[in-house]
Amino acid sequence: MTTPDIGAVMRSLLGVLAVTALALVWGSDVSAMWALGAGAVAGAIALQDSPGGRVPIVVTASLQMGAAVLLGVLTAAYSGLFIAVVALWCFGAGMQWSLGANAGRVAAAASALLVVAPPVSPTPSSVLTATAFTLAAGFVQAALIAVWPPRRWRVQRDALTRAYRSLAADARKVATDRDARVDAAPLTWLREAFVDSQATQRPRAYHGGYRLPERITATLSALRSTSGAERDDGTSQMLTAAAVFLDAMADHSHTARRDAGHALVRVDAAVAAITGPEAATAQRFSQQLHEASVLRFGQLRRPDLIGSLLSAPGVVRNQLTRTSPILRHAARLATAVAVAMVLARFGGVAHGYWVALTVLVVLRPETAHTYTRCFGRVGGIGVGIALTSGVMLLWHPGGLAAAVLAVVCLGLTYMVIGWGYVAVSVTVAAALVFILDVGGVGTSATMENRLFAAVVGGALAVLAHVLLPDHALVRLRQRAGELLKTETDYAATVVKAFVHELDRPAELLSAAWQRASRARSAFEAASGATRVDSRELRRWLRSYRASLNAITSACASLENNLSSGPSTALSQEFVAAVDDYVEVLRGAPASPAAPWTVDITQLTAANQQLRDAAALSEHDDAAPRVLVAEINTITRQLTQISAADPVSATG
């Protein structure tokens with residue numbers, strides 16, 4: 001999660017509270033509990049950056065939560081049937097991790113709504129009101145985010161507007177005059193507007209948001225300098241269309257999105273017709289414009305939701321193999337939650353649904369993420385329970401009062417996101433206590449009941465991984481992917497520090513190194529626990545370690561050559577090329593369904609672009625030469641890692 005806009009958070013929480021109040025008046029306490037929980041989950045989804053469009057995702061998640069509540073209302077009164085339904089539902093929820101980590105977390109949240117269903121015989125009115133208010137709570141969040149999307153910060157928005165208008169004017173001048181000068185003055189103000197803001201409170205799109213206009217400016221300058229005496233007509237057409245697009249980027253009217261989309265189509269058509277020495281630069285320019293459109297508007301062409309839903313079963317089906325980590329996680333989740341519900345219904349564990357809730361919070365497909373974070377999450381849950389139990393000793397709220405306190409805890413959750421998962425576990429557990437009190441489910445629970453159940457749930461999550469472990473070679477591949485991801489993140493941080501002034505660079509570099517060190521320890525532990533009978537696997541392990549050691553040595557060399565600040569003699573083209581390389585090096589987010597890898601094709605192209613920019617640069621500083629040499633080493637080692645595919649070595 002990223003820290004969202006405070007105004008959007010307030011609107012979301014007021015929407016949650018309003019639907020809960022209506023459910024208390026027109027429905028029942030239990031339907032209000034589900035509405036509050038569903039609204040909180042839908043609001044959290046809506047407030048996160050999503051280039052694919054927030055509204056379709058929120059609506060889809062709301063339908064899933066409505067289905068979970070419907071099953072809970074219909075089956076909760078029949079313990080045997082309910083446990084079977086919970087096991088099947090949690091198996092499906094575990095398999096959703098194959099669609100991505102966010103899909104897996106949303107499925108776990110929907111499962112939480114199911115396991116807290118009280119054992120009450122269903123009636124037509126209870127089924128209708130519970131399902132309707134659950135859906136309404138989610139749809140209200142979708143409506144709120146559609147009508148009042150999070151607004152960009154005013155200073156940063158004005159700076160971006162000025163920069164894109166200047167770029168549009170420059171593109172028109174370069175389209176007609178190859179000797180026209182590209183104005184860099186607005187970029188100076190843009191950088192100051194972003195660097196001076198509070199980094200911990202900006203949306204994700206604003207972390208380094210000034211760099212993309214700088215990269216576009218550098219590429220535009222490269223197009224100017226590489227043009228011959230007679231410019232190719234396709235290049236002029238591309239720059240003219242790009243100017244229209246950049247004007248749309250600076251526009252804030254309701255037609256800006258449409259105008260940008262039409263202009264990008266013309267840019268792509270012109271780029272396809274360009275040949276010769278300008279072709280590669282034109283393609284890079286087009287790619288940067290597409291990145292700008294995602295940053296400003298999200299994806300101009302929304303993903304086909306129906307098509308995505310239809311393709312999801314095929315993605316899930318591909319994970320139905322004996323060695324799949326997703327299938328193992330689904331089996332662990334279904335088994336652990338089913339055991340938790342048996343303890344709650346037949347084992348005499350008071351308020352045993354807290355066992356199931358803790359399992360859903362703690363259990364992850366990755367063994368390391370479950371083991372290393374189990375104590376932190378369970379400890380956070382315990383602190384949250386203790387704090388709310390202390391409040392209840394003095395005042396036992398219920399109904400709307402409990403809903404208000406739950407909303408306050410949800411607001412605190414957004415405030416402490418930057419503090420880490422332990423702090424989030426504290427506030428989420430506190431919110432859960434009050435949410436359950438809204439429905440009267442946890443009214444008679446004591447602090448001891450809740451704490452004991454939470455500890456049992458954490459132990460059950462770890463035990464599930466012990467009894468149903470991942471396939472040894474699959475676990476080794478996962479650890480290799482995690483190590484590669486942390487190592488490249490460390491390298492990206494060091495490279496970035498060479499050309500940009502970072503906030504607290506020593507702390508950033510130390511944190512990146514510590515993450516890589518922990519990942520290396522996990523990888524070595526996994527390799528030590530794996531029987532290495534294959535000669536190919538032993539050869540791959542040696543090659544993998546050697547390549548990673550070379551990358552670490554290159555990063556150490558870069559750190560040794562870091563000065564107190566980036567050199568002022570670096571050209572815009574060189575800095576933009578370094579930024580492009582860092583973006584490719586960081587890659588896409590890791591997926592629990594497959595080991596993380598680097599896109600070697602893009603990385604090689606970015607490395608070549610950097611070398612070309614360095615060759616055109618006129619600075620005599622030794623530091624950039626060291627940077628180019630070490631980046632070349634990093635690229636070569638990552639290419640070797642990619643060529644030695646562990647799939648064949650591990651079977």
Side-chain angles (χ1 to χ4, degrees), residues 30 33-34 37-38 40-41 64-65 67-97 104-120 329-365 370 373-374 377-378 380-382 384-385 425 428-433 435-437 439-442 444-445 448-465 467-468:
V30 177
M33 173 190 71
W34 275 318
V41 174
Q64 184 176 12
M65 290 186 289
V69 169
L70 177 61
L71 286 175
V73 176
L74 292 175
T75 62
Y78 317 102
S79 295
L81 176 62
F82 180 63
I83 293 171
V85 168
V86 166
L88 290 174
W89 178 275
C90 288
F91 182 82
M95 292 301 300
Q96 286 191 44
W97 282 85
R105 295 187 188 102
V106 172
S111 303
L113 296 179
L114 173 61
V115 300
V116 298
V120 179
H329 170 69
R332 287 191 292 263
L333 186 67
T335 303
V337 176
V339 171
M341 297 315 300
V342 169
L343 294 175
R345 294 297 180 98
F346 303 113
V349 178
H351 301 278
Y353 49 81
W354 274 101
V355 179
L357 290 174
T358 306
V359 169
L360 291 169
V361 170
V362 171
L363 201 57
R364 292 289 187 272
T370 298
R373 299 190 176 187
C374 177
R377 289 196 175 105
V378 174
I381 292 172
I385 289 173
S425 299
V428 167
L432 278 173
V433 172
I435 289 173
L436 293 172
D437 264 20
V441 174
S444 60
E448 291 77 10
N449 295 150
R450 299 187 183 104
L451 289 177
F452 176 75
V455 172
V456 172
L460 195 57
V462 174
L463 187 62
H465 264 292
L467 297 179
L468 293 171

Between atom [atom1] of [X] and atom [atom2] of [Y], what is the distance when rounded to the nearest 0.5 Å?
| X | Y | atom1 | atom2 | result |
| --- | --- | --- | --- | --- |
| Leu357 | Leu436 | CG | CG | 6.5 Å |
| Leu333 | Leu360 | CG | CG | 6.0 Å |
| Tyr353 | Arg450 | OH | CZ | 6.5 Å |
| Met33 | Asp437 | CE | CG | 11.0 Å |
| Asn449 | Ile385 | CG | CD1 | 10.0 Å |
| Leu88 | Ile83 | CG | CD1 | 12.0 Å |

Which atom pair, heavy atoms only, marks the closest approach of [X] to [Y]?
| X | Y | answer |
| --- | --- | --- |
| Val362 | Arg377 | O-NH1, 3.9 Å |
| Ala87 | Ala338 | CB-CB, 4.0 Å |
| Ala76 | Ala117 | CB-CB, 3.8 Å |
| Ala453 | His351 | CB-O, 4.0 Å |
| Ala356 | Met341 | CB-SD, 3.8 Å |
| Val462 | Cys374 | CG2-SG, 3.6 Å |

Beyond-backbone contact of [X] with [Y], side-chain heavy atoms, under 4.5 angstrom:
| X | Y | result |
| --- | --- | --- |
| Val355 | Leu460 | yes |
| Val433 | Trp354 | yes |
| Val73 | Val69 | yes |
| Leu363 | His465 | yes |
| Ile381 | Val361 | yes |
| Val337 | Ser111 | no |

### Query
Stepwise, does the side-chain contact (heavy atoms from CB on, under 4.5 Å) test hold for Arg364 with Trp97?
CA-CA 9 Å; Arg364 292 289 187 272; Trp97 282 85; 3.6 Å; yes
